[in-house]
Amino acid sequence: MSARPFEIRGGHVLAMMVGFFAVILLVNLLFIYLAVGSFTGIDTEQAYQKGLGYNDTLQAAENQRELGWAFNVNHEDLGDQLDLSLQIVDRYGNGIEGLEIEAELRRPTDAALDRGAAFTRYGGGRYGASIPLPSRGNWTLRLTARRDGQPDYRWEKRLWLN
């Protein structure tokens, strides 16, 4: 008695097609589950109100350019914290004194990891702060400088921390 050679029949082709599309469907469902579970859907808080004030934002940016301030920011990654040193000078290179400076270290993918810090004044337009680092990776550093009776000066930089 000899064994019959294996033949691919219609039932086999149907099973392969159903299996192929089932794998595709399961992978897509997994991606959807992971995407919905890891992103809140909120990209910008109060986006509508901010959109209404967009012209004010453009005017504030123009006023900031006219001031002619320059930020020189250095950061040192100490593993569990980020040390920041900052010098702010006017268009003539003179250090700007008397500013209240706040730092916000923002995680683009998880707002729960955002951290803030206030800077200490060292004189000569120099300031320093330390911010705890909850994890490594891509961060956005936002600085806001304030002086009584003047509009806020804002500065932003992307950091990659290994």
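Just so you know, residue 1 is the first one in the sequence shown, and it goes up from there.
Side-chain contact between L99 and F119 is absent, with no heavy atoms from C-beta onward closer than 4.5 Å. Y54 has its side chain within reach of L58: a pair of non-hydrogen atoms, C-beta onward, lies under 4.5 Å apart. Between L141 and L82 the shortest side-chain heavy-atom distance does not fall below 4.5 Å. Under the 4.5 Å side-chain criterion, counting only non-hydrogen atoms from C-beta, L105 is in contact with L159.
In this structure, CG in L133 is found 5.5 Å from CG in L161, a value given to the nearest 0.5 Å. The line from CD of E156 to CZ of R142 is 4.5 Å long, rounded to the nearest 0.5 Å. In this structure, CD in E100 is found 12.0 Å from OG1 in T144, a value given to the nearest 0.5 Å. In this structure, OG1 in T120 is found 10.5 Å from CD1 in I101, a value given to the nearest 0.5 Å. Atom CG in L84 sits 4.5 Å away from atom CD1 in I131 (nearest 0.5 Å). Once rounded to the nearest 0.5 Å, the distance linking CD of E62 with CD of E66 reads 4.5 Å.
E97 places a side-chain N or O within 3.5 Å of a backbone atom of G124 that can act as its donor or acceptor partner. Between the R136 side chain and the G79 main chain, a donor and an acceptor come within less than 3.5 Å of each other.
Taking all atoms of both residues into account, the shortest heavy-atom contact from E104 to D114 is OE2-OD2, 4.4 Å. Nearest approach of K157 to V73, heavy atoms of both residues: NZ-O, 4.3 Å. Nearest heavy atoms, A117 versus S130: CB-O, 3.7 Å. The minimum heavy-atom distance between A145 and W69, with the atom names listed, is CB-CZ3, 4.4 Å. Of all heavy-atom pairs spanning R158 and P108, the tightest one is NH1-CG, 3.7 Å. Here the closest non-hydrogen pair linking G128 and Y122 is N-CE1, 3.3 Å.
Under a cut-off of 6.0 angstrom, the local environment of CZ in F6 is crowded, with over 12 non-hydrogen atoms contributed by other residues, nucleotides or ligands. More than 12 heavy atoms of other residues, nucleotides or ligands shown are found within 6.0 angstrom of CD1 on I24. Heavy-atom contacts from other residues, nucleotides or ligands closer than 6.0 Å to CG of N28 number more than 12. Other residues, nucleotides and ligands contribute more than 12 heavy atoms inside 6.0 Å of the CD atom of Q81.
Placement of V89 and L143 in two distinct hydrophobic clusters is found when ILVMFWY residues are connected by side-chain heavy-atom separations under 4.5 Å, directly or transitively.
Here the rule is side chain to side chain contact (heavy atoms under 4.5 Å, CB included) with Y153, and of I96, L67, I88 only L67 fits it.
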Go through the steps to decide whether Q59 and N55 satisfy the test side-chain hydrogen bond (donor to acceptor under 3.5 Å, both in side chains), and finish with yes or no. CA-CA 6 Å; Q59 185 60 48; N55 288 337; over 6 Å; no
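Note that R107 lies in the cation-pi zone of W139, set by a 6.0 Å cut-off to the ring centre and a 45° limit from the axis.
Taking a cutoff of 4.0 Å between a charged side-chain nitrogen and a carboxylate oxygen, E102 and R154 do not qualify as a salt bridge.
For N74 and E76, the side-chain atoms include no donor-acceptor pair closer than 3.5 Å.
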